[in-house]
Amino acid sequence: MQEYLRDQIQRVLSQMGDVPDGFAIEFQVPGNPDHGDLACNVAMRLAKAFRKAPRPIAEELVEKLSAVPLDEGKIQRVEVGGPGFLNFWFASDYLIEGLKGVLDGADEYGKSPVAREEDSPAKGSRQKTALVEFVSANPTGPLTVGHGRNAVLGDTIANLLSWSGYDVSREYYFNDAGRQMRVLSESVRARYLAKVDPNIGTKTIGSDDEKIVVPEPFPDDGYLGEYIEEIASEIFTKHGSKLAQDADSEVFKTFAEKKIFAEINATLERLGIRMDSYFNEKTLYDSGQIWKIVDRFKELDLAYEKDGATWFKTTEFGKDSDTVLIKSSGEPTYRLPDIGYHVNKIERGFSLIIDVFGADHIATFPDVINGVKSLGYDPSGIDVVIYQFVTLVRGGEPVKMSTRKAQYVTLDDLMDEVSEDVTRFFFLMRSANTHLEFDMDLAREASEKNPVFYLQYAHARICSILRKAEEVGFVADKNAELSLLEHDSEIALIKVLQRFPDVIAGASAAREPHRVATFLREVAVQFTQFYSQCRIIGESADLASARMLLAIASKIVLRNGLTVLGISAPDRM
RNA sequence: GCGCUUGUAGCUCAGUUGGAUAGAGCGCUGGAUUCCGGUUCCAGAGGCCGGGGGUUCGAAUCCUCUCAAGCGCGCCA
């Protein structure tokens, strides 16, 4: 439709004056139905070039457009509105074609065709690929609520890209060799030793307001969660006391890592998330890649040695200070493997590389990009999605969390309390860069106050109508005369449904899943209005069939939208 | 102190690329109901879009200054 109108306007404009080079004709969907179905602002934007007021330009445009009649199957009428907008009203034939499109599309409605690389002919018709890296929590403990937002965002963005025609891979990046894992291992070992010898000495760690008693060998910055205790018990059950003498035993680390990873994956599974690959940071060491990068940085005069450490000249890129790449202990900081990892991703040939991480990581991202660029790679395919932190609210008060005492609500706890569907929806209903307030009381409530239930209810209600129709022996004619749909609420609903593909495409391009959630609410509202104003079963066979098809189309859009968000569309509630 | 993010209705938040009278849900007030699911629908009240200045046909949106909040600024990740 937009292309058609663009061509028409282009043709008329060229007769009216000199259109500036590169002038693009743009359209928008007006918020106010009195302004038609599509609006165009060319008249205002050309006022200066034409040295004329916008309104006369618009009026001339309308006159010229109507002189060579516009396709009546597409456009019903054109008017000048406000300061000089061209307002177009779609013809009902066009709307009906769109409705048929929804029904024909069915489970596929809203999907874009396969996206192909077009920039390089050599690549021919290769499908675009995307790598979405998310979660990426090191296996040191259960996933928290914060990880939940990351996980759900990443997974949904992956869904969106896949609906936009990308071949998508989900990847989990982790490090099981660093300091964190050492502390984890020592924490488990200390708990284990206390089981072997209950008389082992204790000590107190923590600050003045948070004192915690732990076994003597426990690291000062150790992990205090209950799960450490459980892992130690399991090791004790399996190995008895024979590991007590072996200070270097790898068992603590490998056992803990294996168990924690299994739990993380089980948690992700509950959310319907399945990774395609896991990338161990260790790979980058083993291949020698990170050392090559350091050498290259030194050749480029972007790295130097000082105080026994190797530094990255981030001041070259406008930062206040340089950054350590390799500590004086010989161990790299996370920044070096991060650069290596992104080089690795680029070398794997993805068209699009998406990272999802929390606001606390934002400052390190430019270093990675600058590093990648300095090494001669093109970072333009890398896109970062940043999300702000989550606050749980219960009874109007924020839920206090303390990592120190390991008093935090895990993602599993949250799902136990409010269900998987609600968890996903609440993480997706707000834009990623707002601080999310997760209202537990609202989330628990299974009523119209809870936006997820409102959507699911609308879907269930349509299913109920279909069941009812079956009971009374009514079968909708698949070739029903859809032009019988002319009630305001029917027309409004048809128009909303047809926006779905654009919403998906827009949400995908902007990596903003919340647009889908916002849109689905509109669909549910429009459907409910239609439902309350128009009866289906009991009307004449023709009208009942047409309305039934409209209800089925609504069901398709609700269902597909919920599917993209990873939320179930129940037949009954 | 510097950097990033965010300030929109009482609360939680939408607002596309700069567009027409700034929207939704909750809460509040008042109404509807012979119904295919009342987990519903309709109406109303409620706004200095944090504040000042600028850009232009036109600003919640862009620029600038300023105020406030969150996060980051480590040989942690």
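Order of the sequence lines fixes the chain letters, A, B, ..., with proteins taken first and strands second; residue numbering starts at 1 for each chain. Because the structure is predicted, anything quoted here is derived from the model rather than measured.
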- Query: Using atom P of each nucleotide, how far apart are B/rC4 and B/rC62 to the nearest Å?
  - Reply: 15 Å

- Distance test, side-chain N/O of A/Thr434 to OP1/OP2 of B/rU5, below 4.0 Å: no

- Message: For a 4.5 angstrom cut-off between non-hydrogen side-chain atoms, does A/Ser545 reach A/Asp542?
- Response: no

- Taking the same atom, P, in B/rU17 and in B/rC63, what whole-Å distance lies between them? 14 Å

- Do A/Ser112 and A/Ser164 pass the side-chain hydrogen bond (donor to acceptor under 3.5 Å, both in side chains) test, and can you show the C-alpha distance, the side-chain angles, and the key distance before you say yes or no? CA-CA 5 Å; A/Ser112 305; A/Ser164 297; 4.7 Å; no

- Message: Is A/Tyr387 close enough to B/rC4 that one of its side-chain N or O atoms is under 4.0 Å from OP1 or OP2 there?
- Response: no

- For A/Asn433 and for A/Asp571, locate the closest nucleotide of RNA chain B by heavy-atom distance; then report the residue assigned to the nucleotide nearer the 5' terminus. A/Asn433

- Message: Ring centroids only, cut at 6.0 angstrom: are A/Phe357 and A/Tyr387 within range, meaning strictly under it?
- Response: no

- Answer yes or no: is there a donor N or O on one side and an acceptor on the other, between the side chain of A/Asn150 and the main chain of A/Val356, under 3.5 Å? yes

- Sole candidate of A/Phe279, A/Phe261, A/Tyr341 that passes ring pair (Phe, Tyr, Trp, His ring centres under 6.0 Å) when paired with A/Phe174: A/Phe261

- Item | Any side-chain donor near an acceptor of the partner, A/Asn433 and A/Ser431, under 3.5 Å | yes

- Message: Give me the distance, rounded to whole Å, that separates B/rU55 from B/rC67 when you measure between the P atoms they each carry.
- Response: 23 Å

- Message: For a quick test of reading the model: is some side-chain N or O of A/Ser532 closer than 4.0 Å to OP1 or OP2 of B/rC41?
- Response: no

- Task: Please measure how far the C1' atom in B/rU12 lies from the corresponding atom in B/rU6, and state the result in whole Å.
- Result: 15 Å

What side-chain donor-acceptor pairs closer than 3.5 Å can you find for residues 79-89 of chain A, not counting sequence neighbours?
unit_1  : atom_1 : unit_2  : atom_2 : d
A/Glu79 : OE2    : A/Arg77 : NH1    : 2.4

- Message: Can you confirm whether A/Ser464 sits close enough to A/Arg572 that some side-chain heavy atom of one is under 4.5 Å from a side-chain heavy atom of the other?
- Response: no

- Task: For nucleotides B/rU8 and B/rA14, find the distance between their C1' atoms and express it as a whole number of Å.
- Result: 10 Å

- Note on the structure: Rounded to whole Å, the OH-P distance (A/Tyr223 to B/rC76) equals 14 Å

- Contact check, side chains of A/Phe425 and A/Leu455, non-hydrogen atoms, under 4.5 Å: yes

- Message: Both conditions, 6.0 Å and 45 degrees, for the charged tip of A/Arg521 above the ring of A/Tyr454: are they met here?
- Response: yes

- Query: Nearest of B/rG25, B/rA20, B/rC36 to any side-chain atom of A/Phe85?
  - Reply: B/rA20

- To the nearest 0.5 Å, tell me how far A/Ile552 CD1 sits from A/Arg559 CZ. 13.0 Å

- Message: Can you measure A/Met440 atom CE to B/rU12 atom C1' for me and round it to whole angstrom units?
- Response: 16 Å

- When rounded to whole Å, the CD1 to C1' distance for the pair A/Ile462 and B/rU39 reads 15 Å

- Item | Minimum-distance nucleotide (side-chain atoms of A/Arg461 versus B/rC41, B/rA14, B/rG37) | B/rG37

Between the protein and nucleotides 57-62 of chain B, list the N/O to N/O atom pairs that are separated by less than 3.5 angstrom.
unit_1 : atom_1 : unit_2  : atom_2 : d
B/rC57 : OP1    : A/Lys48 : NZ     : 3.1
B/rC57 : OP2    : A/Lys48 : NZ     : 3.4

- Message: Tell me the interatomic distance from A/Gln456, atom CD, to B/rU40, atom P, rounded to whole angstroms.
- Response: 14 Å

- Query: When rounded to the nearest Å, what value does the distance between C1' atoms of B/rC26 and B/rU39 take?
  - Reply: 15 Å

- Message: Nearest whole Å is fine: how far is B/rC36 P from A/Phe527 CZ?
- Response: 14 Å

- Note on the structure: Whole-Å distance, A/Leu493 CG to B/rC41 P, equals 14 Å

- List the steps, then state whether salt bridge (Lys or Arg N to Asp or Glu O under 4.0 Å) holds for A/Glu257 with A/Lys253. CA-CA 6 Å; A/Glu257 177 180 345; A/Lys253 187 206 142 196; 3.8 Å; yes

- Which nucleotide in B/rU40, B/rG19, B/rC35 has an atom nearest any side-chain atom of A/Arg535: B/rC35

- Message: Counting only side-chain heavy atoms from C-beta out, which of B/rA14, B/rU16, B/rG19 sits nearest to A/Arg430?
- Response: B/rA14

- Message: Using the side-chain heavy atoms of A/Arg179, tell me which of these nucleotides is nearest: B/rG37, B/rC76, B/rU5.
- Response: B/rC76

- Task: Counting heavy atoms from C-beta on, name the nucleotide in B/rG37, B/rA77, B/rA14 closest to the side chain of A/Thr518.
- Result: B/rA14

- Any N/O donor-acceptor pair, A/Asn87 side-chain to B/rA20 base, under 3.5 Å: yes

- A/Leu436 CG to B/rA69 P, straight-line distance once rounded to whole Å: 22 Å

Output a table of nitrogen or oxygen pairs between the protein and nucleotides 72-75 of chain B separated by less than 3.5 Å.
unit_1 : atom_1 : unit_2   : atom_2 : d
B/rC75 : O2     : A/Ser328 : N      : 2.6
B/rC75 : O2     : A/Ser328 : OG     : 2.8
B/rC75 : N3     : A/Ser328 : OG     : 3.2
B/rC75 : N4     : A/Asp307 : O      : 2.9

- Message: Please report the distance, rounded to the nearest Å, between CZ in A/Arg521 and P in B/rA14.
- Response: 15 Å

- Task: Please state the C1' separation for the pair B/rU29 and B/rG72 - nearest whole angstrom.
- Result: 46 Å

- Closest to side chain of A/Gln529, choosing from B/rC42, B/rG70, B/rG37: B/rC42

- Could you work out the separation of B/rU16 and B/rA22 based on their C1' atoms and round it to a whole Å? 15 Å

